[in-house]
Every structure is written in structure tokens, then in C-alpha cells.
Number of protein chains: 2
Amino acid sequence: MATIGDVAREAGVSRSTVSYALSGKRSISRETRDRIDEAIQRLGFTVNAGARALATSETMVLGLFLQFHDDEFPPAMLQYILAVSTAAREKGYDILMVTDADGPGAVKRITSSNMVDGVVLLDVTHDDPRLDALRAARQPGALVGLPRDTQDVDVFDLDFGEAARMLVDHLYGLGHRKIILISPPRHVFDRGGAYGWRFRDAAVERAARYGIQIYPYYGESQQPGISRSLNAILDARPDATGLIVHNDASIAVLPALLHERGVQVPRDLSVVSLYSRDFGRSFLLPYTAVETSPDKLGREAVQHLVRRINDPDYSPTVAKFIEPELTIRGSTA
Amino acid sequence: MATIGDVAREAGVSRSTVSYALSGKRSISRETRDRIDEAIQRLGFTVNAGARALATSETMVLGLFLQFHDDEFPPAMLQYILAVSTAAREKGYDILMVTDADGPGAVKRITSSNMVDGVVLLDVTHDDPRLDALRAARQPGALVGLPRDTQDVDVFDLDFGEAARMLVDHLYGLGHRKIILISPPRHVFDRGGAYGWRFRDAAVERAARYGIQIYPYYGESQQPGISRSLNAILDARPDATGLIVHNDASIAVLPALLHERGVQVPRDLSVVSLYSRDFGRSFLLPYTAVETSPDKLGREAVQHLVRRINDPDYSPTVAKFIEPELTIRGSTA
DNA sequence: CTGAAAGCGCTTACAG
DNA sequence: CTGAAAGCGCTTACAG
């Protein structure tokens with residue numbers, strides 16, 4: 001392992017000069033720089049990240065904390081992981097991915113040992129126990145998902161309320177007066193997944209305002225429950241002409257299920273949903289839907305986090321809700 | 001930030017004594033230890049991981065390198081990530097997850113800057129360009145997936161050849177003489193995903209030995225191609241009585257597709273496959289299948305890697321093939 | 001434009 | 001059983 005001292009000796013300069021040549025933080029004569037560059041090449045030198053981190057108090061690593069729930073739909077989770085990782089690299093950060101079952105403990109362990117410069121919390125719930133650990137940390141954090149108490153944290157999430165209103169408006173505008181809503185599974189609500197009720201409550205309220213019927217149900221997360229419950233719901237509401245699906249696992253099976261029931265979209269039923277473009281593509285979902293934009297969300301969270309790492313008080317904390325965008329795919333009439 | 005020096009002062013001892021109290025590497029008197037513990041509590045001290053890493057040359061971090069291909073089935077990928085992460089934590093390591101598009105560059109960047117003690121490469125292909133970078137690194141690595149050249153690397157993978165033979169034997173033993181085989185998509189083969197042909201070639205060879213017919217096809221990775229190609233294949237081989245599916249995306253849609261075709265399993269068709277128990281559960285797959293055991297694979301890779309980190313020559317490099325286990329689920333007759 | 005020195009927060013021989 | 005000191009590989013005021 002060549003060190004900066006080896007390079008200095010090889011180039012016949014001091015270690016500080018090599019360091020400054022590396023960082024560009026002061027001007028170096030042409031010849032000196034050339035000699036240093038050559039020495040670096042010859043020795044195959046790379047800065048030791050740990051030593052640099054110790055000297056600068058910057059690790060250039062972000063902690064990405066996530067938890068796997070059985071009712072989580074893996075493709076969606078992976079999209080967020082990739083989005084955060086990609087955005088981080090663009091800003092020069094690497095990702096320490098932490099999947100410990102003990103969420104708060106992991107946050108404390110990683111932050112207090114100074115392994116990261118900042119923290120991204122995925123899948124934040126209403127009363128997320130990781131938040132106290134995050135608030136106690138000296139590193140800033142960005143949350144994906146909305147907690148009850150947003151004090152002292154930066155929050156990023158889709159505007160689920162607005163998304164619900166958009167979809168209800170869309171169906172209402174087309175003349176639908178009886179609409180089924182499939183929400184995430186009940187245990188998502190139980191565990192505090194606020195996106196569930198934020199969407200549902202907004203949809204119900206909007207429908208009430210229009211004086212139209214909306215029938216909210218919980219979906220399931222695993223087969224055969226998914227199909228069984230969807231069939232039961234459709235059987236129970238034959239009069240509904242519109243269907244809003246806010247449930248990844250359900251929407252993924254819906255095309256096959258409707259086909260099997262002989263239901264034609266949009267002739268027999270108008271269907272709208274909520275998913276990312278990638279998700280829709282890989283499951284070939286033909287429905288008019290609000291984009292969930294995991295890449296945009298991940299990128300915004302990381303960019304904001306990086307700004308706050310570099311300047312802790314560059315702004316008051318934010319709760320940023322990504323504006324939903326409706327993509328029309330002709331599944332409504 | 002309390003440092004070890006603060007703790008030492010607070011406890012009235014030297015820094016080395018605090019360090020030894022932390023590591024337990026020499027005996028400390030009862031009272032001294034108590035005073036140190038109290039001081040640590042009072043100050044909320046945690047060892048700075050970077051400083052420790054610099055002093056010990058051990059980061060206690062493993063690099064996990066993965067690449068997202070469009071034809072990858074996300075649930076399977078996530079299972080490997082989780083398995084590696086969990087196994088690493090059990091051994092006291094954290095995970096630096098690297099998803100750079102430039103695989104070899106990322107391996108070089110992370111290893112040469114000494115950010116990790118070891119490397120896990122996921123989804124290794126036949127001529128994986130990351131291998132040269134790994135061999136040039138001073139850290140040991142463990143591969144998941146089989147490359148052409150296994151020199152100087154530890155390889156972990158399912159024994160796909162044996163899995164194929166097991167499944168052919170199983171069908172042959174039940175009297176099947178015409179068998180369809182659905183392999184991974186063609187671009188998996190193109191990109192060097194050896195598991196594709198290792199399985200297929202072994203199956204074909206075994207069938208030839210028995211003098212029975214096997215019809216190998218590529219599957220697709222995205223809808224509607226998946227269903228369309230499956231239907232075309234089944235239409236083309238009405239005489240086949242057995243079906244082997246070595247393709248995650250295809251097996252996930254198979255139950256619905258067969259149902260739609262009015263095919264009863266195993267009455268009309270015997271079906272066997274290859275997937276993990278978790279995978280089968282979340283998609284409710286009722287097929288007799290070989291377990292792919294991502295958790296076992298991830299755990300073995302990590303355990304071996306950790307051993308090699310601690311003793312680079314504790315054994316020659318290994319290519320370890322997890323023995324396939326057949327789980328009978330009654331989808332054959 | 002460049003160097004000598006201190007310091008980041010630890011660990012670990014060396015000494016007693 | 002404990003301490004003083006050197007060293008891990010960098011960065012960055014301070015000085016010239």
C-alpha cells in the first residue's frame with residue numbers, strides 16, 4: 001500500500017504538497033504537479049478513505065436504513081434503494097446499507113460511531129421508533145415517508161392526498177358515481193404506514209364532497225389472498241363503475257384477474273392506480289395512474305440531505321411532497 | 001463528541017487503559033473498569049469507527065457489489081441482498097452497497113481506497129469484468145455466481161447441473177418422456193449468466209442419456225412477452241407431459257396462465273421448477289421444486305469471506321456448490 | 001509556490 | 001495491573 005508519504009518521497013516533495021495537489025486547494029507549479037502525478041501513477045496510489053475521513057471528519061458515506069416487512073412488495077423497495085444509491089453517487093457519496101431488525105439500535109450504532117455523514121430512512125411510519133435515534137444523532141437525516149412528528153427532520157414523500165383527489169376527480173369528471181378503493185393491507189395501516197390513510201381519507205373526503213359513493217377496502221399482500229379478496233370485493237360491488245387501486249401487489253395481479261372475470265377495461269370498469277413507470281412497465285400495467293416517482297423522491301431526499309450535511313442550517317427543515325402526475329393510459333371512460 | 005481521551009480524563013486513567021477496557025485485550029482491575037464504564041456512560045462515548053479502522057487496518061465493512069439488469073427479477077435480487085446483509089451483521093460487519101453502472105471501476109475505487117475488508121460480488125457472469133479488479137485488490141472476495149475462470153477467487157453458487165438432473169430424474173421416474181424446459185431469457189445467456197446453460201445443458205444431457213425428449217426454450221423477462229411466449233411454447237408442444245421452468249418471471253405467472261388455459265396440474269401436465277421457499281410463498285407457487293436457498297448461499301459466502309479476511313491462506317480457494325434440495329409439492333404425476 | 005508540524009481518534013508494542 | 005509514546009494515513013493552519 002503506497003501512502004501519501006511514499007508519493008512525496010518519490011516525487012521529491014513534502015506530503016502536504018501531495019495532499020494539496022490531490023485536493024487542488026492551493027496552486028502547484030506545473031513541474032511539481034507533473035512529478036507528483038507520475039509518482040502517483042508509478043506507485044498506484046489511492047487516498048486511504050478512512051484516514052481522510054479522520055482528518056476531515058467527513059466519511060463521504062450515507063447510511064441507508066431499511067426494514068423488510070413481509071407485506072412489502074420487493075420491486076418497489078428495490079426502486080427506492082437504487083434511486084438513493086444512484087443519487088448519492090452523483091454527489092460523491094457511497095451507501096452503507098443497514099437492514100438490522102433493530103432499527104433504532106442500528107441508527108444509534110452507525111451514527112454514534114461516525115460511520116456516515118448523513119442518514120436516509122426508508123419506509124418511515126407514523127410513529128417510527130428510529131426517529132428518536134435520528135434526532136439524537138449529530139448527523140442530519142432525510143426521511144422517505146411521513147411521520148406524525150416532523151420536527152427537526154426533513155421529510156420527502158409523494159403527496160398522497162393530492163394523488164387521491166386527482167384520481168377521484170378524474171373518475172368523477174367522467175361520470176362515475178360509485179367507486180371501489182383498494183387500499184394497502186390492513187397491517188400496513190396497523191404498523192403506521194401513513195400513506196395508506198392519507199390516500200384513503202382524502203379520497204373518501206373528496207367523494208363525499210361530490211356526493212358520490214366510494215367503497216374503501218383493504219387489499220392483501222400475498223397470494224392467494226390477493227386474488228381472493230379482489231374477487232370478493234368485485235362480487236360485493238357489482239354496481240361500481242370505477243376502481244382505484246392503491247396497492248402494489250393487487251395492481252400487479254389485476255390484469256390477469258379482470259381478464260379471467262371477463263371484465264373489459266374501460267368498457268365494463270374504469271380503473272386507475274398509483275405506481276411508478278418502471279413498475280408499470282415490468283408488470284405491463286395498462287392503467288391510467290399517478291406516478292409514484294421513486295427516482296425523483298430518492299434524488300430529492302439525497303440532494304437535500306447533502307446540502308444539509310454541508311450546511312446544517314441552510315434552511316429550516318422541510319416536509320416536501322412530490323407533486324403527483326397523472327399519466328393517462330386509456331383505462332377510464 | 002466524547003473521545004477516548006475524554007473518557008480517560010473523566011475516569012482518571014490513561015487512554016490505553018480505556019482502550020484495553022473496551023477491547024478486553026488485557027485484564028483491568030475491578031475498580032478501574034467500573035470508573036471507566038461510568039465515564040463512558042456519563043459522556044455517552046462510542047468508539048469512532050474510522051479512527052479504529054485506521055489504527056487496526058480493519059474497517060469491519062464488507063462491500064456488496066450488484067448491478068441491476070432490466071431482465072432481473074427484483075424479488076430474487078432482494079433476497080440475496082438481505083441474506084448477505086444479515087449474515088454480515090452476525091459476523092460484526094456492515095455492508096457498503098455499491099450499485100455503480102461501472103462495475104470494475106467501482107470495485108477498484110472501493111478496494112483501493114480501503115473502504116472495505118472484503119468484497120461480495122453478486123450475479124457474477126461467465127466473463128465478469130469485475131473479476132480483474134477484484135484479483136488486483138488486496139481484499140479477498142466471494143462470488144455468487146460462477147465465472148469461467150475461478151482462479152484466486154472463492155465461488156458460491158447453487159449446483160445447477162445437479163438441480164437439472166434431479167428434476168429430469170424426478171419426471172423420468174414418473175414416466176414422462178416428453179419434457180419442455182423454459183430457461184432464463186436469451187439475454188441472460190448472452191450476458192454470460194452461466195446458470196442458464198449449466199442447468200439447460202445438464203438437463204439436455206440427462207434426457208439424452210435416458211433417450212427421452214426434452215424441448216428447451218428461452219423464457220421472457222417482461223410482460224406481455226412472458227405469457228405470450230409460454231402460451232406459444234405450450235401450443236407448440238401439446239404432446240409434452242412434463243414442464244421444467246427455470247425462470248423466475250415465468251414461474252410467477254404460470255399458475256394464472258395454466259388456469260386460464262384450463263390445464264390442471266398434475267393431471268394434464270406435471271410441473272417442476274427452481275425457486276426459493278420465500279419466493280414460492282409470496283407468489284403462492286404450488287410446484288415441486290429445487291430450493292435455490294439464497295439465505296444459505298449468502299450466509300456461506302459471507303462466512304467464508306470473513307474467515308479468509310482473518311486468515312488469507314486458511315485454505316485454497318473454493319468453488320462451493322450448494323447441494324440442491326427437492327421439495328415435493330405434488331405438482332407431478 | 002512549498003514545507004515542517006500538529007492534529008484527527010484510535011490501538012498496541014514497550015516498559016515498569 | 002497501568003502508562004507514556006509511537007504510529008495508522010491523511011489534512012490544514014502556520015510560516016516562509
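Every chain is numbered from 1 and lettered A, B, ... according to where its sequence line falls, protein lines coming before strand lines. All of these numbers come straight from a predicted model, not from anything done at the bench.
Counting any heavy atom pair closer than 4.0 Å across all strands shown, B:S23 reaches no nucleic acid atom. Residue contacts shown for A:T3 are limited to sugar-phosphate atoms, with no base heavy atom under 4.0 Å away.
Formation of a donor-acceptor pair under 3.5 Å by the B:R191 side chain with backbone atoms of B:H126 is not found in this model. Side-chain atoms of B:R148 do not come within 3.5 Å of backbone N or O of B:D127 as any donor-acceptor pair. Listed for the A:N310 side chain is a donor-acceptor partner under 3.5 Å among the backbone atoms of A:V306.
When each of B:I309, B:V116, B:D94, B:V84 is tested with B:L62 by the rule side chain to side chain contact (heavy atoms under 4.5 Å, CB included), just one qualifies, namely B:I309.
Between A:S16 and the phosphate of C:dG3, there is no side-chain N or O to OP1/OP2 separation shorter than 4.0 Å. The side chain of B:K25 contributes an N or O atom lying less than 4.0 Å from OP1 or OP2 of C:dT12. OP1 or OP2 of C:dC10 has not a single side-chain nitrogen or oxygen of B:S19 nearer than 4.0 Å.
The separation between B:E58 atom CD and C:dT11 atom P is 11 Å, rounded to whole Å.
Among the duplex regions that DNA chain D forms, those built from at least three successive Watson-Crick or G-U pairs under 3.5 Å are C:1-3 with D:14-16, C:5-12 with D:5-12, C:14-16 with D:1-3, ordered by first number.
A donor N or O paired with an acceptor N or O is not found under 3.5 Å between the base of D:dG7 and the side-chain atoms of B:R15.
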